[in-house]
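I have placed the structure first, in the form of structure tokens, so that the comments after it can refer back to it.
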Amino acid sequence: MKLVFHGHSCFEICLAQDNIIIDPWLNNNPQAKVRPEEINVSAVLVTHGHSDHLGDAIYIARNNNALLIAPFELASYCNNFGVRTHGMHIGGANRFSFGKVKLTQALHGSAVIEDKNIIYTGNPCGFILELEGKTVYHAGDTGLFGDMQLIGKNYNIDVALLPIGDNFTMGIDDAVQAVEFLRPKVVIPMHYNTFSLITQNVQEFVEKVKLCNCSEAIPLQSGNAFTL
Ligand code: NI
Ligand code: MN
């Protein structure tokens, strides 16, 4: 299985039978090197309604006749645009053709902002994905929370995708604490350096994770992949 980073919080996961994509913000994403029309997937997973995550999800789902999987209210919003959706909620898991998806909590907001209207789209989430015998945790946008210890206890996480950008999510030190809670084999940082407000020295994160002695941090350039 291959995890391809498209910048910010967008990862495309290439499996033997299926490709899926998480938080596909590609248009207007200064880090993205791929266009929405180049994405071929059978499922689109979206953590919350903010434009840097919902991004091109509706377009990609429609273009591929792919299933859009999201927290229930956000899935209902997307359904209004003629997309096939599957709503879930935090704590719930479901098995799909490509693997198993469980929604975790994320401490954040979730809304679509259209002109001057704020349309709330329920709770934001993270995803625990069990794919081809491997476990991948995409935390979404979140602050640090103590129940990451439970996630770490209940799952042998192969790869954790954690935000480190600060301001809207965990910064480096909280993300290092999250690594200690989750104890993934590999952690790939995300949601940093996309714009100036979330600028981080990713090398500092790599060094601090080394000191945890439980995980290795592997930052990816946009367009690059991690194979597991
Ligand atoms: Ni957000
Ligand atoms: Mn965000």
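In listed order, ligands and their atoms are each counted from 1.
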Tell me, do Ile39 and Tyr59 make a side-chain contact under 4.5 Å, heavy atoms counted? no
Within His191, is some N, O or S atom less than 2.8 Å away from the Mn ion (ligand 2)? yes
Decide, counting backbone as well as side-chain atoms, whether His53 has an N, O or S atom less than 2.8 Å from the Mn ion (ligand 2). yes
Quick one: angle His50 ND1 - the Ni ion (ligand 1) - His108 NE2, to the nearest 10°? 90°
Would you find more than 12 non-hydrogen atoms of other residues, nucleotides or ligands less than 6.0 Å from Phe195 atom CZ? yes
In Asp141, the N/O/S atom nearest the Ni ion (ligand 1) carries the name OD2
When you draw lines from the Mn ion (ligand 2) to OD2 of Asp141 and to OD2 of Asp52, what angle lies between them, to the nearest 10°? 170°
Which of parallel (below 30°), tilted (30 to 60°) and perpendicular (above 60°) describes His86 and Phe96? perpendicular
Are Asp52 and His8 close enough, and set up right, to give a side-chain hydrogen bond (donor to acceptor under 3.5 Å, both in side chains), and what steps lead you there? CA-CA 8 Å; Asp52 56 324; His8 205 56; 2.6 Å; yes
Ring centroids only, cut at 6.0 angstrom: are His50 and Phe168 within range, meaning strictly under it? no
